[in-house]
Number of protein chains: 4
Amino acid sequence: MTYNNLLDSMIAEAKRSKKQTEKQQKIIETAIQLFAEKGYANTSTNEIAKQAGVAEGLIFKHYGTKENVLRSVILPFFKSSLPGMAEEVFAEVLPAETTTFEEFLRAFLYNRIQFFSENKQILQVVMKEIIYNESLKKELLPYLANEIRYRFRKAIETFKTKQELKNIPTDDVVNILLSVLGGFIISRFVIVDVDRIHEYEVEQLIQFIMDGIRQNDH
Amino acid sequence: MTYNNLLDSMIAEAKRSKKQTEKQQKIIETAIQLFAEKGYANTSTNEIAKQAGVAEGLIFKHYGTKENVLRSVILPFFKSSLPGMAEEVFAEVLPAETTTFEEFLRAFLYNRIQFFSENKQILQVVMKEIIYNESLKKELLPYLANEIRYRFRKAIETFKTKQELKNIPTDDVVNILLSVLGGFIISRFVIVDVDRIHEYEVEQLIQFIMDGIRQNDH
Amino acid sequence: MTYNNLLDSMIAEAKRSKKQTEKQQKIIETAIQLFAEKGYANTSTNEIAKQAGVAEGLIFKHYGTKENVLRSVILPFFKSSLPGMAEEVFAEVLPAETTTFEEFLRAFLYNRIQFFSENKQILQVVMKEIIYNESLKKELLPYLANEIRYRFRKAIETFKTKQELKNIPTDDVVNILLSVLGGFIISRFVIVDVDRIHEYEVEQLIQFIMDGIRQNDH
Amino acid sequence: MTYNNLLDSMIAEAKRSKKQTEKQQKIIETAIQLFAEKGYANTSTNEIAKQAGVAEGLIFKHYGTKENVLRSVILPFFKSSLPGMAEEVFAEVLPAETTTFEEFLRAFLYNRIQFFSENKQILQVVMKEIIYNESLKKELLPYLANEIRYRFRKAIETFKTKQELKNIPTDDVVNILLSVLGGFIISRFVIVDVDRIHEYEVEQLIQFIMDGIRQNDH
DNA sequence: AATGAATGAGTTTTCATTCAT
DNA sequence: AATGAATGAAAACTCATTCAT
């Protein structure tokens, strides 16, 4: 990764490969699948080529390096995951005056779980590579965190005004929520590698987040 | 990984390398550091040998394969991490009749955070490899989860009897706790790669786990 | 090089590509530049295509192989360099009864230096490839040498008759002259890669060739 | 070539590979032969390995890159060619009060011709790569030229004092001599690729250098 | 126990060339 | 005439592993 700004490079990358040919698409699909299954480092370009039914050289004609293939896998995911990261949910749910924070949280969680279970493989690739790749970690993670943090902060503030939430500093609530929600999703989809998360579990999580585990009158 | 049972193989491995020579220790130290930094797949035995100041051949004299080196890195970690996983904390804390769940949770959290920050690199290696390595995932994860689950269940039941905790099914509480605590520790130490976790954060987490974020009278 | 007779093949080549399109010309121009800069072997057709602003396929549509591109670079150079190699100078200079050998040599040198500094890049390509390419060496070099040798021999004989030159065997004078003049031009234009050769240097060389370096009365 | 100073790098290289194994020596020998025959760019490491009877990997174990192999071929040549470049000849010949410049020139020429015909292949490699490789050209050539220039200048001055040589500026004589001698040797050994240079030719060259080709009384 | 030379299969990458459009 | 996607053979290089000393 020689680009200074990874996101810029990924966006540049995306523009470069505007009109994808059929084989190009097949390469990316196969790469996603194999990277998710065995990790980037354990997947050879030869393997990708064979499974995608193309000549190995074609991968390099289109993407230049193996690392660029990884980028071309990660970028569209980011482009599509980030916007949805909360924006639309916020837009949908927040306007209603009567919406409670619990309703908002529920809407957000189901929306993201839906998205990630549809893109589980790419999520796995991204997480695995973020863990391994110092530059990816350094650039994607803060970017990602900020995007979400910003939106969450707004929501929390709104509901704090409505006296729905405890008077904990907003940033702390956001941090806790990011840890808990992120931990929940990553542990399920990446570490344990489940196929789907059951409604029951989600509801339990929501209750937990809202009220904790202490017996109220204790 | 050709052993059917990884844990058995690791135990066998441990016996084999009982009395470690100085160079052997240097190899393992270096391997931990490099595996943590760059991942198992991206670390060559040549690199380990150079940095450890030994001949590459020696690694294979002692460990046979590179994968065995990984095992020899992971095993002692497991041997020492599992016992502490709750057992000792339980032993320490539970006897006192007056101990609250919050106190237990606090003791447990600080104990584990202490342990993991002292062994951050190995924790990173283990997590990274669990994510990548199907057989490791399949064998270590359930084993690990069961050990913890079993101990937590006992604690939860105890405190439920004392009416300290909500009447949620024990298994669900355990699940939630595992997700939240595991997610918290992994996101901090492995994903974000912090050097230490501040007391303030821990206390916030404990409050959150106990009481959630909802304004009580709402 | 599969042709037995390189020159024949080059002539065939020349006929084949009579009416050059604009893009064809751009290809050859770019090839000359890149071959001169980095050598034939280190220049890829992809590079030529990119820099010439054409599709890589077009190079092969027009020239069939990369080696044919090289030929198409070298041939016109030969076609234009050989005639001038002495012929015209001879024609110009020799007729005058009063012309001295020194004057002839001067005219020839300036003529050739002019030509080669105008075609430095191609000269470099040709020399580099002659050095590398056995078949080019075997065919072009003797051909070239003979052409020049033949013309020089005539001139030398003429001036020997006039008692202007020492009574060294004509072939030996020609050999020495070829070595010295060739060495001079090649070392300047190809090895050192100068942009131009100064008049002062040329005059010095002429003096040297004519009278050597020994103090006359010694 | 990423080193700033090529000579330093080549010397470092040489130290690194102090005690050469038999196979290492075989690799270098084969590399010299193949590089000389077909040029660096046209020789594959696979070819070198096969002809040297070693595994291809060994080349990279020892030399890291193909370019380093080239360096390891060129360096010892430089180390052994430079000192002899004139020093010893000067030491041998100059002391004698009665030595003439012609005798000095003769001694020098035969010494160098002897050396280069014994090392023709490496000379070819060096010259070919100097022509192709910008950084080699930029660093080796001036270094080489200076070494020789310096020694020649001293000799010329000595003989000028003795009134043996024409009163041409020393630097100009040196330049001409370098061109002529260099051109002679390179054209013979590298361009034409002769196996040996005959005494007759050398004597002719010496006469030419000393007295030129003009009929004295003309 | 320790070295380090050597191996060979595998990996990423390059590149001249072909071909459908 | 011109494009550019696609090929496949070969290139440079990596690396876990073996083995003689």
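Convention: sequence-line order gives letters A, B, ...; per-chain numbering from 1. Only a predicted model underlies this, so the values are computations on that prediction, with no experimental measurement involved.
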Which nucleotide sits closest to the side chain of [X]: [options]?
| X | options | result |
| --- | --- | --- |
| B:H62 | F:dA12, E:dA1, E:dT7 | E:dA1 |
| B:K61 | F:dA16, F:dA11, E:dA2 | E:dA2 |
| D:S44 | F:dA6, E:dT11, F:dA11 | F:dA11 |
| D:F60 | F:dC19, F:dA12, F:dT3 | F:dA12 |
| A:T45 | E:dA2, F:dT3, E:dT13 | E:dT13 |

To the nearest angstrom, how far is [X] atom [atom1] from [N] atom [atom2]?
| X | N | atom1 | atom2 | answer |
| --- | --- | --- | --- | --- |
| C:Q25 | F:dA2 | CD | C1' | 17 Å |
| B:I59 | F:dT17 | CD1 | P | 11 Å |
| A:K26 | F:dA6 | NZ | P | 13 Å |
| A:Q24 | F:dA5 | CD | C1' | 9 Å |
| A:I27 | F:dA6 | CD1 | P | 8 Å |
| D:K38 | F:dA10 | NZ | P | 13 Å |
| D:N42 | E:dC15 | CG | P | 13 Å |
| A:Y63 | F:dA5 | OH | P | 11 Å |

Original post:
Has C:K128 got its NZ or CZ under 6.0 Å from the middle of the six-membered ring of D:Y132, at an angle within 45 degrees of the ring axis?
Top reply: yes
Original post:
C:F60 ring centre to C:K66 NZ or CZ under 6.0 Å, with the angle to the axis within 45°?
Top reply: no
**OP:** Starting from the 5' end of DNA chain F, give me the residue, B:A41 or A:A55, whose nearest nucleotide shows up first.
**Re:** A:A55
**OP:** Tell me which of A:G57 and B:Y40 sits closer to the 5' end of DNA chain F, going by the nucleotide each one is nearest to.
**Re:** A:G57
**OP:** Scan A:I28, A:V54, A:L34 and name whichever one has a side-chain contact (heavy atoms from CB on, under 4.5 Å) with A:I48.
**Re:** A:L34
**OP:** Tell me which of A:T65 and C:N46 sits closer to the 5' end of DNA chain E, going by the nucleotide each one is nearest to.
**Re:** A:T65
Original post:
Mapping B:L58 and A:T43 onto DNA chain E by nearest heavy atom, which one lands closer to the 5' end?
Top reply: B:L58
Original post:
When you check the phosphate oxygens OP1 and OP2 of E:dT12, does a side-chain N or O of A:K66 lie under 4.0 Å from one of them?
Top reply: yes
Original post:
Quick one: is A:T21 getting a side-chain N or O under 4.0 Å of the F:dA6 phosphate, OP1 or OP2?
Top reply: yes
Original post:
Looking only at atom types and distance, does a side-chain atom of A:Q25 sit under 3.5 Å from a main-chain N or O of A:E22, one as donor and one as acceptor?
Top reply: no
Original post:
Can any side-chain N or O of A:E56 pair as donor or acceptor with the backbone N or O of A:N46 at less than 3.5 Å?
Top reply: yes
Original post:
Considering every strand shown, what is the Watson-Crick or G-U wobble mate of F:dA16 when both distances are under 3.5 Å?
Top reply: E:dT7
